[in-house]
Each structure stands twice: as structure tokens, then as C-alpha cells.
Trainee: 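Let me give you the structure first, and then I'll get to my questions.
Computation of the quantities below employed the complete heavy-atom set of this structure, encompassing side-chain atoms and omitting hydrogens, waters and symmetry-equivalent molecules. Everything numeric here is computed off the predicted structure, so don't read it as measured data.
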Amino acid sequence: MSSEDELLSQKLLQENGRLVVQSNEQTNLIPRFWTESKKLWQITAPSIFSRVAAANMNVVTQAFAGHLGQVPLASISIANTVIVGFNFGLLLGMASALETLCGQAFGAKRYNMMGIYMQRSWIVLFFCCFLLLPLYVFATPVLKLMGQPDDVAEQSGIVAVWLIPLHFSFAFVFPVQRFLQSQLKAHVTAWISLVVFIIHAFISWLFVYKLQLGVVGIALTLDVAWWLLAAFQFGYVYWGWCSETWAGFSMEAFSGLWEFVKLSAASGVMLCLENWYYRILILMTGNLDDATLAVDALSICMSINSWEMMIPFAFFAATGVRVANELGAGNGKGAQFATTVAVLQSTIIGLIFGILIMIFRVPLTMIFTSSPEVLGATEKLTYLLAFTILLNSVQPVLSGVAVGSGWQSKVAYVNLGCYYLIGIPLGVVLGWGFHLGVEGIWGGMIFGGTAVQTIILAIMTIKCNWELEAEKAVSHTEKWSRIRSNDEQQELRK
């Protein structure tokens with residue numbers, strides 16, 4: 001056989017090989033999709049349940065506070081929403097750094113690294129809690145500065161001080177949740193959340209009705225509930241159910257803290273910029289001419305949106321873990337496929353909910369109000385609500401991809417530019433410049449901010465070199481492992 005014939009034969013074999021690989025990938029597409037979906041929902045379903053349980057704890061708290069009077073209800077609501085809500089978002093975002101680090105370590109089977117990462121997160125978040133303490137201590141003057149009535153601001157300040165133990169519990173609860181999620185044990189958090197919710201309902205009844213502790217008692221119920229959550233989660237880890245990933249407390253957790261701080265800070269800023277964005281939307285609406293009606297209508301839409309957002313936020317967590325797992329294992333195509341499955345499923349769910357809201361917009365609104373004026377104003381906003389839900393079914397998943405890949409610092413800049421340099425100015429122009437009111441403010445912030453951000457994240461994801469990202473993740477875990485090995489050898493020599 002001549003050299004030309006040999007080259008032709010090799011070329012044919014290579015082409016046939018590629019065809020066989022492509023054929024196998026197409027044939028195995030449905031089983032692969034089903035397998036990935038099971039892994040995804042292994043995190044998504046428990047995460048939804050945990051978020052619902054946490055939200056219902058606040059509902060129970062609000063319900064008991066409402067029986068004490070208008071001022072106690074307002075003080076509990078403001079302290080929980082404004083003071084705790086600000087810190088909650090920041091600390092939750094900072095803890096999401098573990099979704100990157102623990103997720104990639106789990107994928108790379110560097111299980112002993114995960115416990116060290118969690119301890120580092122405890123240290124960083126606990127220190128951050130001390131830095132945020134002035135918001136609790138000086139809550140009363142801050143709320144008065146924001147225009148709250150004196151009696152509400154003063155009682156909210158008292159409640160805020162009693163919620164300081166709750167504040168510090170976040171430093172332990174959030175890292176353990178991410179630690180468990182990264183090793184596909186989100187169901188543990190779900191069951192613990194259910195138990196704590198039941199206990200919280202009981203102690204709320206006990207403190208308010210039997211012991212008659214008033215607003216202080218209500219604050220204490222939240223403190224107790226969140227510290228029980230922390231204790232039960234850590235008990236699960238400490239008493240041997242995570243033997244591969246938890247090797248006990250280590251002084252090594254205090255090394256390499258600066259790199260950990262930078263990633264945690266980027267994660268916190270990334271999520272906080274988004275969380276504050278929607279709070280600014282309500283504050284801007286409160287400055288309209290007919291502010292009461294506009295705020296009432298927008299609040300109803302935001303309430304519906306917040307309940308539905310539990311699903312995309314669960315997808316955010318699950319996508320971050322799945323992408324990090326695959327990248328840590330050096331499987332770039334696996335991370336890309338996990339992204340595709342998550343985006344597709346979340347978008348379908350968002351589309352279904354958006355259609356349902358348009359169909360049942362009047363009955364849904366009547367759950368919150370019977371006022372004809374508020375019903376009419378809310379009905380005008382439902383098309384924006386439906387579009388927001390559809391858009392938010394994609395955006396959190398892409399943010400999850402960013403977290404799993406370690407792009408937090410890049411996305412923080414994207415969020416800053418889209419939300420605060422485009423979205424808010426456009427909302428102001430449409431709301432006041434074109435006299436479109438709340439529809440203009442919300443529409444400008446959604447189309448100018450969230451939509452542009454989603455497009456940019458989609459472009460980043462589509463253009464991503466997944467094999468290169470996998471190499472980076474593997475290199476990072478191997479580098480950390482070498483450092484750990486050197487430290488252990490030095491300890492042995494001592």
C-alpha cells in the first residue's frame with residue numbers, strides 16, 4: 001500500500017471514529033439528560049423546601065407580632081427586613097464562595113480540603129459579623145434618618161439589639177449549608193429546616209402567649225431557631241456522617257485567609273448588588289405622587305415574585321454545585337452540559353409560572369387585597385411581573401454558573417454596571433421623565449438592568465472555554481493539596 005493510500009485510510013478511520021463518537025453522544029443524550037437532571041434536582045428540591053421553611057419562620061414571626069399591635073408588627077417587620085435583611089444578603093453571598101471551593105474540591109475528590117474551606121468561611125464570616133454590628137446597635141438613629149416614625153424606630157432598635165445572636169448564627173449556618181450542598185447532601189438541611197420550623201412555631205406560641213415576653217420574646221424565638229439550625233447541621237457533620245470531608249478542627253484554617261477573603265467579598269458584593277437593586281425599586285416607587293397606591297401594587301407583585309423566586313434561587317445553588325463538581329473533576333464538557341440542563345429546565349418552569357400569573361392575575365391579587373383601586377393598579381403590573389419571572393428563571397442559573405466557575409469578581413462588575421449605571425437611571429427617566437410612574441420605574445430597571453445583565457452572562461457562558469476552566473479548577477485544587485502536603489510534612493518533622 002502506498003503512503004498516499006495509508007494517509008487516506010487513516011483519514012477515513014478518523015472520520016468514521018468521529019461519526020461513531022457523535023452517534024454515541026446523540027444516542028446517549030436522553031440518558032445523560034436524565035442522569036444530570038437527577039443530580040440537579042437532588043440539590044434543587046431540598047433547597048426549595050429549605051427556603052420555604054425559612055420563609056415560613058418569618059411568616060410565623062410576623063403573625064405572632066401582628067397580635068401584639070401595629071407598632072410591634074411594624075418594628076419586627078422593619079428590623080427583620082431592613083437591618084437583618086441587609087446583613088443576611090451580604091453574609092449569604094460571602095458564604096457562596098464555598099460553592100466554588102467545596103464544589104470543585106468534591107469534584108476533584110480532594111475531600112479533606114472541604115472541611116478546611118468551611119472553617120475558613122466560619123472565620124471570615126464571624127469577623128464580618130463584628131464589622132456589621134453597628135447596624136444593630138445604632139438601628140434606631142439609622143431608621144429615624146430613613147424617615148421612620150419615632151415610636152417604630154425606637155422599638156425596632158430594641159428588637160435589632162435582641163436579634164444580634166441571630167446575626168452571628170449566619171456565620172455558621174450558611175457555610176455548613178454550602179458544605180453539605182457541595183457533596184449532594186442538601187436533603188439533610190431540608191429535614192433539619194422542617195424540624196426547626198416546628199420548634200420555632202411552638203416556642204413562638206410559648207414566648208408570646210404563655211410567657212408574654214412581647215417583641216423581645218419574638219426576637220428570641222428567631223435567635224433560638226437559627227442557633228438550633230446551626231447546632232443540628234454541625235452535629236450532623238461532627239458526629240461522623242461526613243467522615244470523608246470533615247477531619248476535625250485544624251489550625252490550617254487560619255492560613256491562606258486573604259485569598260479566601262477576596263473570593264468571599266466578591267461573592268458577597270455580587271449577590272448584594274442584586275438584592276439591594278430590588279429594595280431600591282420599592283424606595284423609588286415610594287417617591288411617586290400617588291406613592292401609597294403604587295407601593296401597595298408593587299409590594300403585591302414583589303410578594304408573588306419572592307415566593308416564585310425560591311425555585312430559581314434553588315437552581316442557582318444547584319447549578320453552582322454541579323458546575324463546580326464537574327470542573328473540579330476536570331470535566332469541562334460535563335460542566336457545559338450541566339449548565340444547559342439547568343437553564344433549560346429553569347426556563348421552562350419560569351415560562352409556566354409566567355403564563356399562570358397572566359391567566360390567574362385577578363384571583364392572585366385578591367389574596368392580598370380587596371381594594372378596587374389596588375386591584376386595578378396591580379393588574380396593570382402583572383405583565384411586567386410575568387416577564388420578570390421569566391427573566392429571573394434564567395438569570396440566577398447563569399449566576400450559579402459564575403459561582404461554580406469562580407467568576408464572582410467579574411460578575412460583580414457586570415452587576416454594578418447593569419443595575420446601577422443602566423437600570424436605575426433608565427427607571428428614573430421612564431418613571432419621572434416620561435411620566436410612566438411605577439410601570440416606567442420597574443420596566444426601566446428590568447429591561448435596562450436585569451435583561452442586559454442576563455444577556456452579558458449568557459454571552460460569557462456561551463463563549464466560555466470549558467476545558468480551560470476545568471484545567472484552572474484542577475490546577476487550583478492540586479496547588480492547594482501540595483501546600484497542605486508540605487505543611488503536614490513540616491509538622492511531622494517537628
Trainee: Would you say that Ser121 contacts Phe260 through its side chain, given a criterion of any heavy-atom pair below 4.5 Å between the two side chains?
Mentor: yes

Trainee: Specify the closest pair of heavy atoms between Ala190 and Phe49, including all atoms of both residues, with the distance to one decimal.
Mentor: O-CE2, 3.3 Å

Trainee: Can you tell me how far apart CE (Met251) and CD1 (Ile116) are? Round to the nearest 0.5 Å.
Mentor: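 Reported to 0.5 Å precision, the distance equals 11.0 Å.
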
Trainee: Please check if the number of heavy atoms outside Trp191 that lie under 6.0 Å from its CH2 is greater than 12.
Mentor: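 Counting other residues, nucleotides and ligands, CH2 of Trp191 stays at 12 neighbours or fewer.
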
Trainee: Using 30° and 60° as the class boundaries, would you call the ring planes of Phe172 and Phe126 parallel, tilted or perpendicular?
Mentor: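 Rings of Phe172 and Phe126: tilted, as their planes differ by 30° to 60°.
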
Trainee: When rounded to the nearest 0.5 angstrom, what distance separates CD in Glu439 from CH2 in Trp442?
Mentor: 10.0 Å

Trainee: Below 4.5 Å, heavy atoms only, C-beta onward: do Thr382 and Ile304 meet side chain to side chain?
Mentor: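 No; the side chains remain at least 4.5 Å from each other.
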
Trainee: Strictly distance-based, threshold 3.5 Å: is any side-chain N or O of Ser75 a donor or acceptor partner for the main-chain N or O of Pro72?
Mentor: yes

Trainee: Do Val397 and Pro312 come within less than 4.5 Å of each other through their side chains, counting heavy atoms only?
Mentor: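 SC-SC contact between Val397 and Pro312 ruled out.
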
Trainee: Atom CH2 in Trp205, atom CG in Leu211: separation rounded to 0.5 Å?
Mentor: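 Spacing of CH2 (Trp205) from CG (Leu211) equals 9.0 Å.
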
Trainee: Does the plane of the ring in Trp226 sit parallel, tilted or perpendicular to the ring in Phe170? Use 30° and 60° as the thresholds.
Mentor: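 Answer is perpendicular, since the angle exceeds 60°.
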
Trainee: Output yes when a side-chain donor or acceptor of Ser405 lies under 3.5 Å from a complementary backbone atom of Ala402, and no otherwise.
Mentor: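 No, Ser405 side chain to Ala402 backbone: no donor-acceptor pair under 3.5 Å.
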
Trainee: Any chance the side chains of Gln408 and Ser267 put a donor and an acceptor closer than 3.5 Å?
Mentor: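 Distance-only check passes for Gln408 and Ser267.
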
Trainee: Kindly determine whether Ser204 and Ile218 satisfy side chain to side chain contact (heavy atoms under 4.5 Å, CB included), including the steps that lead there.
Mentor: CA-CA 6 Å; Ser204 295; Ile218 292 177; over 6 Å; no

Trainee: Yes or no on side chain to side chain contact (heavy atoms under 4.5 Å, CB included) for Phe315 and Ile349, after CA distance, side-chain angles and deciding distance?
Mentor: CA-CA 11 Å; Phe315 269 98; Ile349 292 172; 3.8 Å; yes

Trainee: Any side-chain heavy atom of Thr450 within less than 4.5 Å of one from Tyr419?
Mentor: yes

Trainee: Are Phe179 and Tyr236 an aromatic pair by the rule of ring centers under 6.0 Å?
Mentor: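 Here the rings of Tyr236 and Phe179 have centres that are no less than 6.0 Å from each other.
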
Trainee: Side chains of Glu274 and Gln395: any donor to acceptor distance under 3.5 Å?
Mentor: yes

Trainee: Give a yes or no answer on whether the side chain of Ser169 reaches the backbone of Leu166 with a donor-acceptor pair at less than 3.5 Å.
Mentor: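 Checking the backbone N and O of Leu166 against the side chain of Ser169, a donor-acceptor pair under 3.5 Å is found.
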
Trainee: Just verifying a value: how many Å separate Thr388 OG1 and Leu281 CG, rounded to the nearest 0.5 Å?
Mentor: 9.0 Å

Trainee: Please tell me whether Ser255 and Arg120 have a donor and an acceptor in their side chains that are separated by less than 3.5 angstrom.
Mentor: yes

Trainee: Is the shortest side-chain heavy-atom distance between Phe64 and Thr221 below 4.5 Å?
Mentor: no

Trainee: Report the relative orientation of the aromatic rings in Trp246 and Phe234; use parallel for angles under 30°, tilted for 30 to 60°, perpendicular for over 60°.
Mentor: perpendicular

Trainee: Does any non-hydrogen side-chain atom of Arg178 lie less than 4.5 Å from one of Val173?
Mentor: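 When only atoms from C-beta onward are counted, Arg178 and Val173 do not touch, as no gap falls below 4.5 Å.
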
Trainee: Might you point out which heavy atoms bring Ser182 and Gly103 nearest each other, and give the distance in Å?
Mentor: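 Taking every non-hydrogen atom into account, OG-N, 3.6 Å.
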
Trainee: Answer whether the closest heavy-atom distance between the side chains of Gln183 and Cys102 falls below 4.5 Å.
Mentor: no

Trainee: Return yes when atom OH of Tyr209 has more than 12 non-hydrogen atoms of other residues, nucleotides or ligands closer than 6.0 Å, and no otherwise.
Mentor: yes

Trainee: Below 3.5 Å, can you tabulate the donor-acceptor pairs from side chains in residues 130-142 to any protein atom, sequence neighbours excluded?
Mentor:
| from | atom 1 | to | atom 2 | distance (Å) |
| --- | --- | --- | --- | --- |
| Tyr136 | OH | Asn87 | ND2 | 3.4 |
| Tyr136 | OH | His167 | ND1 | 3.3 |
| Thr140 | OG1 | Ala153 | O | 3.2 |

Trainee: For residues Val84 and Asn80, report the shortest heavy-atom separation together with the two atoms involved.
Mentor: CB-O, 3.4 Å

Trainee: Distance-only, no hydrogens or angles: does the Ser393 side chain make a donor-acceptor pair with backbone N or O of Leu390 under 3.5 Å?
Mentor: yes

Trainee: Check the pair Tyr238, Gln233 against side chain to side chain contact (heavy atoms under 4.5 Å, CB included), reporting the backbone distance first and the verdict last.
Mentor: CA-CA 9 Å; Tyr238 185 79; Gln233 286 181 347; over 6 Å; no

Trainee: Would you say Met284 and Met445 make side-chain contact, with heavy atoms under 4.5 Å?
Mentor: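 Result yes, sub-4.5 Å side-chain heavy-atom pair found.
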
Trainee: Is there a donor-acceptor pair under 3.5 Å between the side chain of Tyr117 and the backbone N or O of Ala97?
Mentor: no

Trainee: Side-chain donor-acceptor pair under 3.5 Å between Gln177 and Thr189, yes or no?
Mentor: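 No, because no side-chain N or O of Gln177 sits under 3.5 Å from a partner of the opposite role on Thr189.
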
Trainee: Give the C-alpha distance, both sets of side-chain angles, the deciding distance and a yes or no for side chain to side chain contact (heavy atoms under 4.5 Å, CB included) between Phe197 and Val60.
Mentor: CA-CA 9 Å; Phe197 170 71; Val60 169; 3.8 Å; yes

Trainee: Identify the two heavy atoms, one from Lys185 and one from Trp241, that lie closest to each other, and give their separation to 0.1 Å.
Mentor: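 In this case the closest contact between Lys185 and Trp241 is NZ-O, 2.6 Å.
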
Trainee: For Asn415 and Gln453, does a side-chain donor sit closer than 3.5 Å to a side-chain acceptor?
Mentor: yes

Trainee: Between the main-chain N or O of Met57 and the side-chain N or O of His200, is there a donor-acceptor pair closer than 3.5 Å?
Mentor: yes

Trainee: State the CG-CG distance between Leu384 and Leu298, to the nearest 0.5 angstrom.
Mentor: 10.0 Å

Trainee: Above 12 or not: heavy atoms from other molecules or residues under 6.0 Å from CH2 of Trp162?
Mentor: no

Trainee: Which residues satisfy the ring pair (Phe, Tyr, Trp, His ring centres under 6.0 Å) test with Phe447, sequence neighbours excluded?
Mentor: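 With neighbours one apart ignored, the set is Phe387.
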
Trainee: For the backbone of Ala342 and the side chain of Ser346, can you confirm whether one donor and one acceptor N or O come within less than 3.5 Å of each other?
Mentor: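 Judged by distance alone, no pair lies under 3.5 Å.
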
Trainee: Measure across Trp407 and Cys464 and return the closest heavy-atom pair with its distance rounded to 0.1 Å.
Mentor: CZ2-SG, 3.6 Å

Trainee: Measure the CG-CZ distance between Asn392 and Phe353 for me, rounded to the nearest 0.5 Å.
Mentor: 13.5 Å

Trainee: Give me the atom names and distance for the closest heavy-atom approach of Leu90 to Cys128.
Mentor: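 That would be CD2-SG, 4.4 Å.
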
Trainee: Glu308 side chain to Ile389 main-chain N or O, any donor-acceptor pair under 3.5 Å?
Mentor: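 Absent.
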
